[in-house]
Amino acid sequence: MVRAAAALPRLVNADFAGSWATERSRYALGMPLVAEVAVDVPGHDAFTWRVPDALCSEVAVGACVIAPLGRREVRGFVVRLAPPDAAPPCRAPLKDLIAVVPGVRVPNQVIALVAWGARYYRCALGEFLAAAVPASVRTGREPQPERRLVRASEIPANLTPRQRQVVASLPEGPLSWADAMALTGCSRSLLQRLVACGALRELLESPIHEVAVPVPPERHQLTEEQQAAVVAVWEACRARVSTTFLLFGVTGSGKTLVYLELAERVIAAGRQVLLLVPEIGLTPQLAARVRARIPRTAVWHSGFTDGERAEIWRTCAADGYDLVLGTRSALFAPLSRPGLIIVDEEHDPSYKQEAVPRYHARDLAVVYGQQLAVPVLLGSATPSLESVHNGRSGRYRVLKLLHRPGKATLPAAEAVDMRRERRETGAAHELSRRLLAALRETVQRGEQAIILLNRRGWSPVVSCQDCGWTAMCRRCDIALTYHRLAARWRCHYCGFSEASAAQCPLCSAALSAQGLGTEQLEALLCEAVPGLRTLRADADTTAGRQGHARLLARFAAGEADVLVGTQMVAKGLDFPRVTLVGVLHADRCLHAPDFRAAERTFQLIAQVAGRAGRGERPGLVIVQAWDPAAAPLVAALTGRFKAFYDAELALRAEYGYPPHGGLLRIVWSGRDEARVRAAAEADTAQLLGVGRDLGLTVLGPHPCALALLNERHRWHTLVKAPARATIQRLLDAVGSFARHGGVHTALDIDPQHTL
Ligand code: ADP
Ligand code: ZN
Ligand code: ZN
């Protein structure tokens, strides 16, 4: 059964936050109690057990307990304690809890937040809690040292060419054995041989260490704009009102300084701060800046092992931190006195989790602020249309930083029409004359450049010019990307890879690689500018522990003239010596079959452009495109943001897409396409029937744009509703969808993409 209904009508009601306060202390010791425990079982929110006398003093709301479920033992969190007569009626006599995991207590407010999220995003409370609390907290296990592999500093001379290639293709950071095998396609024994001959080293320890990124000390005088923003938010902190602020600050305008100033004040007042960032890649630089001012800062992200996260979690629960800086799940850090929640780069799609629970951390942060009665500060240079809309309608209070402080100015921007370039040069070069000339000048002046191409690997397609054969993933309906350094073809969707070949398997003609990826771009640049020193930042080079931080530290230290990379290089980086930013194929994603395609392109270009000229020297941005007149590009480059938001909001209104109204996406997937289709049709018909009077627009079911992923066929339906609340009413009314054998049904509320 796929549950669409809110399953906790009794627990989750209008004033649910209060109901979690049912503390052990409310009951006299010795009084019999039952515990409702959220366990990680899809479709069930909570099960009830009796609290045996022996455990009575330890069991509390938020405690982690071990309980019998059928023949298994399960772990879960107590979400409610009640006298037996208040427990839901039950046929069999209640069983006893087995044990309590010592020292774990999820704060009430986190449970209340997760309960809200579980209801809104339609997953089981225990499933959501399992995602919000590191697994090792539940098991009570101490962090285990992990075995990881790193490249030796000197590669032995006696390697075979294949071995040499494997070693060369490894990324910066230490990799787990599993990742190293997946990335290189090598067996464990082959890797063991490389360790034996000294080409790789094995690290046994993994203390929570971070690579130091050099940061200049900052104690700036706030600009007037910054001061005004700080005062407005600080007022709300002091008054304990849950205003949501949208800090709309151009790139390099000093948003981070506003966050730090506020954080310091909140902490001085005895409270704590949550600072969310979209991705691990953003944290090394920022973490150094935050720590420089707030020493008791926890950094929380997916690069840590679960055991390490558990250790941070426990320290946090023991009041060991003033500020938690982390990616989306840091929102659930067990802070006792949060006083301010900051969401940096609030527009970033990685705030949406793409697996159950499919929550949006920015949206949940706003809810959390309301529950806690603390202000929420959303910051961005390119806010999401949702937030702009909320700002215009008065739901959010807009604060603006329109200028870069000091001498820094916004960079000059130019677009290069690649169609014309090809006509004029009579060649299909990927690098325009203009960009190359600017790059040479930049390097000659001893400055640095960032070049963005949002596609990794050598080339995205490998095919035979004679018979038309194309290297396709065996599990997906997607062409394989050629990775030359690793000599492999890889699927960027499911992880499948195989050794690359030079000849067509059907006709033996030579294969040709088409299209450009970052790996090839790096080579093209080195060819075009002799002596150029490059570094590449993409998922291949930054994999592994702290890989991203290591790479950035090298770029900051001046080890390279150019940083080539995917969208990773667009975000948050602040290198004062970067004066040139180039973008290749800037309009490639503009026509993707997704209603946010224009917004994403606009944001990416405006963000990467913002990396130029952040120091004293002025910056230049050169964007190569097939259609340089495309509105999102022009808006991003000329700084005419308002025009873009006006036009895009009008379009969304016309077609009924968010932020106008609510959106629900249902994806059915399975190995047998006929069954997937039948399920999609039946469930969509059910939706149509139930939602007849709700003013819905139902699109589908159709095959998804990514119609086959990981051997699963995919169909989807999009439901547009007049308001987000209408989607909730629809799902309440549906209750649950029928069970379809062999078909998985996924509900995505407020989807971030529709591929
Ligand atoms: P944003 O987060 O908006 O991109 P940052 O906070 O990273 O901007 O600031 C960009 C640069 O400007 C940083 O190097 C920062 O030290 C500097 N800066 C910020 N505020 C000031 C200020 N008031 N005076 C001088 N320099 C500042
Ligand atoms: Zn062929
Ligand atoms: Zn695949």
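Numbering of ligands and ligand atoms starts at 1, following listing order. What you see below is based on every heavy atom in this structure, not just the backbone, and it leaves out hydrogens, waters and symmetry mates.
- For H360, there are no ring pair (Phe, Tyr, Trp, His ring centres under 6.0 Å) partners at least two apart in sequence or on another chain.
- Between R296 and Q272, the side chains place no donor N or O within less than 3.5 Å of an acceptor N or O (distance only, hydrogens not considered).
- A salt bridge between E225 and K400 is absent, with no side-chain N of the basic residue lying under 4.0 Å from a carboxylate O of the acidic one.
- Using a 4.0 Å cut-off to heavy atoms of T256, the atoms of ligand 1 that qualify are 2 (O), 5 (P), 6 (O), 7 (O).
- Distance alone, capped at 3.5 Å, places no donor-acceptor pair between the Q567 side chain and the L604 backbone.
- Within the listing of ligand 1, atoms 22 (C), 23 (N), 24 (N) sit less than 4.0 angstrom from a heavy atom of Q221.
- Between D363 and Y351, every side-chain heavy-atom pair lies at or beyond the 4.5 Å cut-off.
- Taking a 4.0 Å cut-off on heavy atoms, G249 fails to register as neighbouring ligand 1.
- Note on ligand 1: G406 sits outside its first shell, no heavy atom being nearer than 4.0 Å.
- Residue contacts with ligand 1 for L222 involve N, CA, C or O but no side-chain atom from C-beta outward (heavy atoms, distance under 4.0 Å).
- Using a cutoff of 4.0 Å between basic side-chain nitrogens and carboxylate oxygens, E386 and R596 are scored as salt-bridged.
- Which parts of ligand 1 touch R289 is read off a 4.0 Å heavy-atom cut-off, strictly below it: atoms 5 (P), 6 (O), 7 (O), 15 (C).
- The option from E224, E225, H220 that lies nearest to atom 26 (N) of ligand 1, judged by heavy atoms, is H220.
- Considering each of G254, P405, P576, the one bringing a non-hydrogen atom nearest atom 18 (N) of ligand 1 is P405.
- Using a 4.0 Å cut-off to heavy atoms of T223, the atoms of ligand 1 that qualify are 23 (N).
- Distance check for C476 against the Zn ion (ligand 3): an N/O/S atom falls below 2.8 Å.
- Contact check for L401 versus V258: side-chain heavy atoms found under the 4.5 Å cut-off.
- With respect to D540 and R490, a salt bridge is recorded, a charged nitrogen being found less than 4.0 Å from a carboxylate O.
- Geometry about the Zn ion (ligand 3) gives an angle of 110° between SG of C473 and SG of C491, rounded in steps of 10 degrees.
- Aromatic ring orientation, F248 versus F641: parallel (interplanar angle below 30°, classes split at 30° and 60°).
- Taking 2.8 Å as the limit, the number of protein N, O or S atoms around the Zn ion (ligand 2) is 4.
- Here the options are R362, R328, K352, the test is salt bridge (Lys or Arg N to Asp or Glu O under 4.0 Å), and the partner is E346; only R362 passes.
- Distance check: D538 CG to L453 CG gives 9.5 Å after rounding to the nearest 0.5 Å.
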